[in-house]
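Below is one structure; the comments refer to it alone.
In what follows, every heavy atom counts, from backbone to side chain, and hydrogens, waters and symmetry copies are set aside. We name chains A, B, ... by the order of the sequence lines, and we start the count at 1 in each one.
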There are 2 protein chains.
Amino acid sequence: MMTFAEFQELVNLSMEALCRDFFRENPDRARVKKEATVVRNLVKILDATLMISNQKGFQAMSVRDLSRETGLSMGALYSYISGKEELLAIIRAQGYRIVVRILTGAIAEGSDPHEKLRQAIQTHLYLSEAMRAWFYFSYMETKNLSKEEQKKSIQMELFTEKLFIDILSAGCRAGRFRPMNVELTAAAIKALLQDWYLKPWKHQRRKVTIEEYARFVTGLVEAYILPSPAAASP
Amino acid sequence: MMTFAEFQELVNLSMEALCRDFFRENPDRARVKKEATVVRNLVKILDATLMISNQKGFQAMSVRDLSRETGLSMGALYSYISGKEELLAIIRAQGYRIVVRILTGAIAEGSDPHEKLRQAIQTHLYLSEAMRAWFYFSYMETKNLSKEEQKKSIQMELFTEKLFIDILSAGCRAGRFRPMNVELTAAAIKALLQDWYLKPWKHQRRKVTIEEYARFVTGLVEAYILPSPAAASP
DNA sequence: GTCTATACATAGATAGAC
DNA sequence: GTCTATCTATGTATAGAC
């Protein structure tokens with residue numbers, strides 16, 4: 001299996017790459033035109049937004065906070081973003097694209113259900129670690145968004161959960177996994193994976209590495225879904 | 001095992017009982033003196049706070065929102081609370097007291113580790129369902145609190161987790177459970193229990209009852225911690 | 001006890017100089 | 001491209017009539 005360091009190197013998830021993509025797709029969005037400048041400042045703005053929001057909440061973050069943290073004046077800030085609301089849309093949309101791309105790519109690789117499941121658990125964990133601030137933000141702020149944005153958030157949760165549901169279902173049909181409620185099981189897997197980035201303080205304090213955590217979750221899930229040795233032999 | 005309806009009837013967790021307790025302990029806190037009035041309005045205020053905050057976040061809830069929702073004028077509101085901040089303190093403190101009381105009480109009842117574990121899982125779930133708004137609020141707003149209040153929140157998470165750690169440890173020592181990383185296992189149980197109130201929409205949509213969910217979590221955890229039949233027999 | 005009216009601070013956003 | 005100064009809306013909180 002891949003280590004987290006290898007994963008992080010393999011997929012370039014830097015905020016810079018993300019902002020460059022965004023600028024090239026929406027070149028006329030900002031008042032400023034030079035790519036290098038836009039990317040440089042957009043990186044600052046988005047990084048600062050995630051950091052401040054994850055400390056005290058997006059709503060509590062004022063644009064003045066953002067100005068102080070980025071070193072840009074109020075006026076400069078508003079030449080890159082149309083307002084606070086747009087920040088939410090950019091962050092969410094760019095994040096989702098990456099998540100969909102990486103997760104579906106990783107799962108396609110696996111051959112049998114068992115291997116696919118391990119791969120999905122590990123990739124989901126690694127991805128959330130590489131984009132921890134984004135995942136945390138996305139989870140915590142969802143309920144404060146507009147109804148429409150909330151819907152997209154829920155769709156994303158259900159999309160990633162569906163990846164697990166499909167793997168589990170395929171495994172059941174193939175007789176590799178024992179019969180089970182695949183929806184509940186997939187929901188449980190999601191909850192375990194989310195706990196990693198929702199409570200970083202807990203795992204840091206106990207010095208649990210992400211590789212250990214991946215093995216633990218895999219073991220816990222497998223103990224539940226694999227046919228027990230006793231039942232399988234006769 | 002007890003059903004949720006029975007649990008809810010057994011322990012009276014109404015907001016009214018909670019507010020009455022609070023008033024009797026802090027009789028000189030509010031400007032208003034008549035118990036019936038204070039309790040009646042405090043119930044309105046706290047209920048409204050939880051409802052609005054859980055929809056758009058505590059920070060985004062204005063005192064004017066609170067005034068509209070409770071039917072009390074701004075002036076009247078401020079004769080029950082000293083400010084928005086105090087609301088947080090009241091809600092958190094009263095909630096914690098109840099959680100500690102109910103959980104420790106329920107776990108003391110169980111005899112052996114296995115029974116205690118089931119009891120703890122079920123009670124934690126039922127309690128979070130009976131006080132769903134409070135649990136959701138507590139989870140979502142923690143990161144937005146003052147450093148000191150955050151510490152109390154984390155202590156609470158660790159306290160309830162410790163209940164599970166102790167049960168698991170006792171079970172391991174008694175040879176009833178197989179050897180395991182009890183801290184990781186307890187953390188996983190917490191994550192599964194929290195998922196119930198963090199994503200009510202998911203379970204509602206799938207028509208999963210809380211009794212079913214309790215059985216599912218118990219089954220999942222037991223599959224992991226019980227010595228496997230194959231390993232146990234020789 | 002409850003209300004209305006209001007003070008005062010801070011928020012988001014923009015105009016126009018440089 | 002970036003800054004400072006400023007507008008307007010909204011927020012928390014209080015004073016004082018009833």
Who passes side-chain hydrogen bond (donor to acceptor under 3.5 Å, both in side chains) against A:Lys56, sequence neighbours left out? A:Asp65
Atom-to-atom span, CD of A:Glu85 to P of C:dG12 - whole angstrom: 10 Å
Between B:Lys33 and A:Tyr78, whichever has its closest DNA chain C nucleotide further toward 5' is B:Lys33
Between NZ of A:Lys84 and C1' of C:dA11 the distance, given in whole Å, is 8 Å
Suppose we screen for salt bridge (charged side-chain N to carboxylate O under 4.0 Å, His left out). Which residues come up paired with B:Glu183, at least two apart in sequence or across chains? A:Arg206
Is B:Asn41 touching bases, backbone alone, or none of the nucleic acid, heavy atoms closer than 4.0 Å? sugar-phosphate
Residue list, side-chain hydrogen bond (donor to acceptor under 3.5 Å, both in side chains) with A:Ser138, at least two apart or on another chain: none
Can you pull the side-chain hydrogen bond (donor to acceptor under 3.5 Å, both in side chains) pairs that have at least one residue in residues 39-53 of chain B, sequence neighbours excluded? B:Asn41-B:Tyr80
Report the distance from atom CG of A:Leu77 to atom P of C:dA13, rounded to the nearest whole Å. 11 Å
Establish, from distance only, whether the side-chain atoms of B:Tyr96 and B:Ser153 form a donor-acceptor pair under 3.5 Å. yes
Please state how far atom CD in B:Glu86 lies from atom C1' in D:dT12, giving the value in whole angstrom units. 15 Å
Grab the N/O contacts between the protein and nucleotides 3-10 of chain D below 3.5 Å, and write none if there aren't any.
| from | atom 1 | to | atom 2 | distance (Å) |
| --- | --- | --- | --- | --- |
| D:dC3 | OP2 | A:Ser73 | N | 2.9 |
| D:dC3 | OP2 | A:Ser73 | OG | 3.0 |

Whole angstroms only, please: what is the CG-P distance between B:Leu87 and D:dT12? 11 Å
What pairs with A:Ser67 under side-chain hydrogen bond (donor to acceptor under 3.5 Å, both in side chains), at least two apart in sequence or on another chain? none
Mind calculating the distance between CD1 (A:Ile81) and C1' (C:dA13) to the nearest angstrom? 10 Å
Atom CD1 of B:Ile52 to atom C1' of D:dG11: distance rounded to whole Å? 15 Å
Between P of D:dT12 and CG of B:Leu66, the distance in whole Å: 9 Å
